Protein chains: 2
Amino acid sequence: MAVTIKDVAKKANVAPSTVSRVISDSPKISEKTKRKVRKVMEEMGYHINLNARVLVQQSSKTIGIVMKNSTSESLNSSFLPEVVQGISALCRKHDYSISLITGDSEDDIYKDAVQKVRGKRVDGMIILYSKEDDKVVPYLMESGIPFVVLGKPVAGFNKITFVDNDNIHAAREATEYLINLGHEKIAFIGDDSEYEVAKARFEGFNQAMISNGLAIHESYIKFFRFNPEYGKKATRELINLEDRPTAIVITDDLDALIVLSAIRDMDLRIPDDISIISFNNSVISRIASPPLTSVDIQIYELGYESARCLIEEIKEPSKVKKSVIIPTVIEERESCKPVNQTKYKHY
Amino acid sequence: MAVTIKDVAKKANVAPSTVSRVISDSPKISEKTKRKVRKVMEEMGYHINLNARVLVQQSSKTIGIVMKNSTSESLNSSFLPEVVQGISALCRKHDYSISLITGDSEDDIYKDAVQKVRGKRVDGMIILYSKEDDKVVPYLMESGIPFVVLGKPVAGFNKITFVDNDNIHAAREATEYLINLGHEKIAFIGDDSEYEVAKARFEGFNQAMISNGLAIHESYIKFFRFNPEYGKKATRELINLEDRPTAIVITDDLDALIVLSAIRDMDLRIPDDISIISFNNSVISRIASPPLTSVDIQIYELGYESARCLIEEIKEPSKVKKSVIIPTVIEERESCKPVNQTKYKHY
DNA sequence: TCCCTTAACGCAAACGGATTCATATAGTTG
DNA sequence: CAACTATATGAATCCGTTTGCGTTAAGGGA
């Protein structure tokens with residue numbers, strides 16, 4: 001059996017409570033006693049039993065991270081490791097542990113989450129997604145446990161703390177980046193998934209086009225996700241259009257990669273013949289050829305901020321739920337170019 | 001305050017011990033009593049307090065997952081989400097929770113790991129990497145806590161339980177796959193990182209070449225990692241060689257992507273002019289153009305098996321530490337072709 | 001010297017269950 | 001009907017910490 005606070009107390013000729021206070025560095029204990037006790041702790045190789053502390057403090061000092069289940073999503077880039085790094089950076093500062101909630105199906109995840117909350121294994125939760133028909137968030141609301149959603153909640157904005165990019169704004173900015181380069185015929189390639197982020201980015205594209213007085217052709221809009229066949233087909237359709245777009249906004253680097261090679265197969269060059277801006281600024285965008293100009297959503301910061309919000313909320317729950325927007329930044333690389341620049345040169 | 005086992009006992013007119021036995025479905029309790037107690041639990045909305053159980057059972061029912069810190073590594077594909085899915089699948093079956101051990105630096109990770117072990121917050125650990133100069137594994141050995149390493153341990157094979165692919169064999173197989181296609185001039189592109197897997201794959205390549213009586217030209221061997229500039233340069237050097245290789249073994253899909261576009265820039269075609277086989281079978285290999293033949297290392301299974309080993313070890317620690325090898329499978333796509341096949345057709 | 005304040009520390013009760021051992025009840029056997 | 005055996009239940013104890021409150025002793029003021 002490991003050495004307990006009592007063993008230390010006995011050996012140091014003090015009461016267990018004194019040892020406890022030494023551990024928490026209470027000002028009520030004299031420096032002399034502290035030194036004595038710490039010496040004994042050292043000698044005996046004492047280490048606090050966190051579980052016992054958890055029990056009496058009624059707080060597990062643990063936050064749960066709820067992963068999205070969908071495999072296709074999880075395949076996407078390095079979202080999980082980066083966001084976890086961000087979360088853990090803050091957790092370490094406040095001595096919180098991280099518990100992963102996951103499962104093969106949405107129902108598994110839901111059950112796991114409920115179990116953790118009811119079993120008091122977590123003090124709060126971070127939900128790594130936001131989507132319709134989700135059971136976890138409603139449960140958490142009703143349970144009263146602090147939680148923050150990473151992404152824009154489907155409903156109940158002021159009742160839910162959330163951290164997100166302004167995806168509408170980001171997509172608008174990306175689109176306007178192209179517009180400022182002189183592009184007017186801009187296509188959009190997104191995904192029509194159930195996740196909020198997909199919708200927001202499409203919305204942002206539309207806003208930018210409209211507020212700049214540009215037409216949105218239906219034939220310029222394509223939806224697919226991580227599907228090379230569809231992707232190539234969609235790209236070909238786009239390129240073969242009589243009035244071919246001069247630039248494309250693509251909501252994910254991976255999809256951009258598909259488009260990229262499809263375009264090259266058609267003997268067009270990027271960015272000379274067509275400009276591309278994509279999202280997420282993953283390794284892919286650095287490695288692609290040419291390297292892709294991509295919107296960095298700052299995943300680490302998303303994680304870090306959501307942890308900050310959560311821990312704040314745990315320490316003093318407030319009725320007003322806030323939201324934090326992490327700015328996105330356009331990482332300029334080599335996939336965009338002013339429209340018709342080469343032509344001008346010839347004049 | 002939440003309803004406890006005592007509240008339930010009082011309301012049901014039984015002793016707390018009886019309620020406890022009902023929870024664990026002990027055969028010593030009559031069905032009638034069980035029904036009665038369960039009904040009361042239901043009515044009162046009782047849920048077990050896992051923390052209390054943890055304390056008295058002297059087991060946290062939690063396993064720790066130690067991530068690798070290096071950002072460049074974590075950027076790599078979808079290793080983390082997939083391995084976590086595998087681990088969690090088994091954990092759920094045995095009612096284990098997952099605690100993530102991570103940090104911005106190796107030292108942070110080490111400290112976190114020690115804290116978790118000494119504080120008895122975990123019953124065992126899974127280490128997601130294997131590398132030299134690591135402090136975590138030695139500490140775990142000395143602490144006596146059950147753990148399993150994912151990857152081949154640097155030392156102490158029979159003292160450490162580990163789960164791994166046979167990376168030497170996998171690389172040999174990949175190389176022989178090309179050899180069987182008639183290739184003799186085979187290049188190797190790997191990384192010279194500190195991780196064991198990198199060394200093993202290079203070793204496997206060498207073995208295959210040697211045992212098939214093929215020459216290994218120094219100029220056919222290149223090392224880089226996720227670096228487009230180096231990658232392109234290395235590829236150009238390879239292609240511009242007087243006696244150009246007809247096939248390349250590349251130890252990571254991402255690197256293969258770099259090579260792929262460099263080759264296309266030089267107006268060569270894959271697989272017609274040069275065959276490529278890579279590793280990890282990530283989304284990239286499906287999305288690349290052409291889709292890459294890639295060695296699937298079965299990440300989910302790696303996670304699942306390591307969890308199985310760990311939980312076994314927790315339940316009954318044994319002196320003999322075993323190792324489990326997860327088979328790799330070559331996922332055939334369109335980046336490999338028999339050498340000179342087109343030529344033959346012309347005869 | 002006596003009283004009062006205050007610093008320093010100890011006591012014991014939680015925290016919410018699991019476990020153990022003793023006891024009670026019902027049923028069986030000779 | 002006594003003796004005995006299963007089976008079911010109760011009460012006490014423990015797990016390792018924290019914490020509110022009480023105690024002790026030292027020190028200062030009058």
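Predicted model only: the values in this text are computed from it and were never measured. Quick note on labels: first sequence line is chain A, next is B, and so on, each numbered from 1.
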*In whole angstrom, what separates A:Asn51's CG from D:dT18's C1'?*
15 Å

*What are the two closest heavy atoms between B:Lys61 and B:His94, and how far apart are they?*
NZ-O, 3.5 Å

Under 3.5 Å, N/O pairs linking protein and nucleotides 19-26 of chain D:
residue, atom, partner, partner atom, Å
D:dG20, O6, A:Arg21, NH2, 2.7

*To the nearest 10°, let me know how far the axis at one end of the helix from C:dT1-D:dA30 to C:dG30-D:dC1 is tilted from the axis at the other, five pairs an end.*
60°

*Looking at every strand, decide which applies to A:Asp7 at a 4.0 Å heavy-atom threshold: base, sugar-phosphate, or nothing.*
nothing

*At under 4.0 Å, does any side-chain N or O of B:Arg53 touch on OP1 or OP2 of C:dG17?*
no

*Euclidean distance, B:Lys68 NZ relative to B:Ile109 CD1, rounded to 0.5 Å*: 11.0 Å

*Interatomic distance, A:Lys10 NZ vs C:dG10 P [rounded to whole Å]*: 14 Å

*Hey, does A:Val54 reach any base, or is it just sugar-phosphate, or nothing, if we go heavy atoms under 4.0 Å?*
nothing

*Specify the separation, in whole Å, of atom CD1 of A:Ile5 and atom C1' of D:dC15.*
13 Å

*What's the shortest heavy-atom distance between B:Gly45 and A:Arg118, and which atoms?*
O-NH2, 2.8 Å

*asked:* What's A:Leu55 touching, base or sugar-phosphate or nothing? Going by heavy atoms closer than 4.0 Å.
replied: base

*Can you tell me the distance, in whole Å, between the NZ atom of B:Lys61 and the C1' atom of C:dA18?*
14 Å

_Between A:Arg121 and B:Thr62, is the side chain to side chain donor-acceptor pair (under 3.5 Å) condition met? List the steps._
CA-CA 11 Å; A:Arg121 297 279 282 189; B:Thr62 299; 2.6 Å; yes

*asked:* Just N and O in the side chain of B:Gln58: are any of them under 4.0 Å from OP1 or OP2 of D:dG16?
replied: yes

*With A:Lys36, which residues qualify under salt bridge (charged side-chain N to carboxylate O under 4.0 Å, His left out), at least two apart?*
none

*Could you check how far NE2 of B:His47 sits from C1' of C:dG17, rounded to whole Å?*
14 Å

*Around A:Lys10, counting heavy atoms of other residues, nucleotides and ligands shown, do more than 12 lie under 6.0 Å from its NZ?*
no

_Nucleotide nearest A:Ser30 (side chain, heavy atoms from C-beta), chosen from C:dG17, D:dA8, C:dA8_ = C:dA8

*asked:* Closer than 4.0 angstrom, basic N to acidic O: yes or no for A:Lys11 and A:Asp7?
replied: no

*Can you check the B:Leu50 CG to C:dC15 P distance for me, whole Å?*
18 Å

*Quickly work out the B:Ile23 CD1 to C:dG16 P distance and round it to whole Å.*
14 Å

*Check the distance between C:dC9's P and A:Lys34's NZ and give it to me in whole angstrom.*
10 Å

*Which heavy-atom pair separates B:Pro16 from B:Ala9 by the least distance, and what is that distance?*
N-CB, 3.5 Å

_Once you apply a heavy-atom cut-off of 4.0 Å, does A:Val19 come out as touching a base, just sugar-phosphate, or nothing?_
nothing

*For atom NZ of A:Lys28, decide whether the heavy atoms of other residues, nucleotides or ligands shown that lie under 6.0 angstrom number more than 12.*
no

_Nearest to the side chain of A:Ile48, heavy atoms from C-beta on, is which of C:dG16, D:dT18, D:dT9?_
D:dT18

_Check B:Lys39 with B:Glu42, please: is the shortest side-chain N to carboxylate O separation under 4.0 Å?_
no

